[in-house]
*Asks:* 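Please see the structure below; I have some questions.
Count residues from 1 along the sequence. Ligands are counted one by one from 1 in listed order, and the atoms in each one are counted from 1 as well.
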Amino acid sequence: MDKIKIIGGKKLEGKIFISGAKNAALPLICASLLTDETVTLTNMPMLSDIKAMNALMEQLGTQIDEFNDFVDGHPTKTYSYRTPKATSLVAPYDYVRKMRASYYVLGPLLARYGKCELSLPGGCAIGARPMDIHLSSLEQMGASIEIKNGYVNAKIDGRLKGAKITFRTVSVGATCNLLMAATLAEGTTILENSAMEPEIGDLANLLNDMGAKISGIGTPVLTIEGVEKLHGATHKVIADRIEAGSYAVAAAITRGKIELVNAQEPTLSRPLQILRDMGVGIEVKENSIIVDARGKELVGKDIMTEPFPGFPTDLQAQFLVLMLTAKGASMVTETIFENRFMHVPELLRMGANINVHGHASAIVRGVDKLSGAQVMATDLRASFALILAGLIAEGETIVNRVYHLDRGYEKLEEKLKGVGAQIERIKEADEE
Ligand code: EPZ
């Protein structure tokens with residue numbers, strides 16, 4: 001398995017192009033299952049999770065064309081998806097096991113074909129992550145759901161029926177699945193306590209461009225007037241706010257200055273406010289954000305993860321590492337997932353001062369230095385947190401299990417090298 005080697009101590013300065021958002025792209029791909037016409041997605045990130053989703057789509061009978069493209073002079077991918085008629089309505093274990101977001105095929109397949117068999121995703125490194133909200137909400141729309149042999153068998157005679165659904169917890173995944181399902185339902189669906197993450201707005205905008213009738217975008221109440229048929233559309237994927245936030249921390253933690261090209265401030269208000277409160281300079285431009293921490297002494301701040309517009313759980317690990325370089329103590333509270341401090345034991349091995357209390361909170365105290373070590377993380381964002389620690393640690397840090405990073409950070413070493421980091425990938429074959 002590939003590793004990443006970093007020699008710490010470089011101040012990062014320059015520009016980083018922010019790619020299209022993974023967590024927007026994954027449901028957008030599945031939305032193409034709702035029509036027999038072509039859905040074209042531009043500004044797609046080149047990530048292993050996108051490849052995994054494309055493989056699942058092909059197994060369902062989707063024809064995919066891939067094109068090299070450019071956004072603001074940067075190479076990206078454009079993909080066209082066309083599913084005249086699905087050849088399978090089954091999302092098998094081997095696909096779902098590799099990527100939970102495979103469950104986004106459930107809403108569209110059920111809505112268009114009246115049937116879907118989905119391998120039930122298990123828990124993962126960050127928590128139990130059940131699907132009960134997706135399933136009980138689809139039942140409220142008339143679907144009959146049975147769980148057998150590890151699979152969800154969902155069926156409906158005729159069309160799904162519009163319903164008023166109040167999610168018991170804010171869920172990004174359930175909001176996306178139900179939004180897609182409701183577009184082709186008979187009658188009106190109201191989704192209360194919906195997630196408001198920007199990726200959901202992106203999905204709703206594509207669906208409306210395909211002929212859906214969704215209102216309330218960007219609010220917790222989405223109203224969907226069902227239509228009989230959707231058509232093709234072309235859509236540009238929004239910029240990845242979590243990638244942007246991760247590189248903002250790279251600038252702050254090395255006391256450097258990075259311009260995040262393509263990053264969108266409204267999707268990052270809370271994390272940027274925390275950076276400002278810590279003492280980092282933030283300049284918002286029309287199509288970029290400049291993060292400037294040169295010569296700054298930062299002070300610790302408390303953060304608590306919450307659904308959007310609150311502080312994102314997907315930036316918790318990165319900000320926790322940043323707090324290690326700030327003056328004083330910071331309390332980091334995780335409210336979304338029950339097991340999202342798995343990066344802490346690895347950081348302790350590098351000399352961090354962090355006390356985790358139960359599963360929900362950690363006290364982080366500023367330290368004079370971290371020292372390089374061999375480390376590994378169990379999920380994508382925690383892996384990036386270790387990269388950040390490596391950027392400031394004395395000596396050499398080797399981050400193992402790089403496949404986590406390849407799921408969600410496009411051209412990670414290239415982007416960090418471009419702003420002055422001493423970083424390289426050690427390919428498995430290069431090792432002795
Ligand atoms: C999405 O996961 C993201 N994944 C996650 O990003 C992100 O951390 C998460 O939203 C929160 O923002 C994708 O977009 C592909 P949820 P999702 O449903 O949809 C509980 C990353 O690093 N819940 O909003 O699975 C759940 O257990 C990943 O890119 C139920 O109890 O998250 C959690 O505690 C990691 N029952 C909370 O709700 C359900 O049926 C929020 O989860 C569904 C969720």
*Asks:* Quick one about N208 and K213 (side-chain donor to acceptor, distance below 3.5 Å, no hydrogens or angles considered), yes or no?
*Replies:*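 No, because no side-chain N or O of K213 sits under 3.5 Å from a partner of the opposite role on N208.
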*Asks:* Less than 4.0 Å is my threshold; does some heavy atom of R340 fall inside it relative to ligand 1?
*Replies:*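 R340: in contact with ligand 1 (<4.0 Å).
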*Asks:* Suppose we screen for side-chain hydrogen bond (donor to acceptor under 3.5 Å, both in side chains). Which residues come up paired with E199, at least two apart in sequence or across chains?
*Replies:*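 With sequence neighbours excluded, E199 shows a side-chain hydrogen bond (donor to acceptor under 3.5 Å, both in side chains) to R241, given in chain and number order.
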*Asks:* In terms of residue, atom name and distance, what is the protein heavy atom nearest to atom 4 (N) of ligand 1?
*Replies:*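 In this structure, atom 4 (N) of ligand 1 has N23 ND2, 3.7 Å as its nearest protein heavy atom.
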*Asks:* Looking at ligand 1, is there an atom of it that comes within less than 4.0 Å of some heavy atom belonging to K22?
*Replies:*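 Yes; K22 lies near enough to ligand 1 that a heavy-atom distance drops under 4.0 Å.
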*Asks:* Do me a favour and list the nearest non-hydrogen protein atom to atom 43 (C) of ligand 1 with residue, atom name and distance?
*Replies:*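 Ranking protein heavy atoms by distance from atom 43 (C) of ligand 1, first comes P130 O, 3.3 Å.
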*Asks:* Return the residue, atom name and 0.1 Å-rounded distance of the protein heavy atom closest to atom 5 (C) of ligand 1.
*Replies:*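 Ranked first by proximity to atom 5 (C) of ligand 1 is D314 OD2, 3.7 Å.
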*Asks:* Can you tell which of F337, F384, F167 gets a heavy atom nearest to atom 9 (C) of ligand 1?
*Replies:*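 Residue with the shortest heavy-atom distance to the ligand atom: F337.
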*Asks:* Checking T42 against T78: is there a side-chain donor and acceptor pair closer than 3.5 Å?
*Replies:*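 No, T42 and T78 have no side-chain donor paired with an acceptor closer than 3.5 Å.
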*Asks:* Measuring from T83:OG1 to E58:CD, what's the distance to the nearest 0.5 Å?
*Replies:*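 Going from OG1 on T83 over to CD on E58, the span is 10.5 Å.
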*Asks:* Salt bridge check: are D49 and R100 linked by an N-O gap of less than 4.0 Å?
*Replies:*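 R100 and D49: not salt-bridged.
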*Asks:* With respect to atom 19 (O) of ligand 1, which of G173, G127, A24 exhibits the smallest heavy-atom separation?
*Replies:*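 Answer by nearest heavy atom: G173.
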*Asks:* Does ligand 1 have any atom sitting under 4.0 Å from a heavy atom of R168?
*Replies:*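 Yes, R168 has a heavy atom closer than 4.0 Å to ligand 1.
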*Asks:* Sort out for me which residue in I354, N353, N355, V356 forms a side-chain contact (heavy atoms from CB on, under 4.5 Å) with L348.
*Replies:*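 With L348 as partner, side-chain contact (heavy atoms from CB on, under 4.5 Å) holds for just one option, I354.
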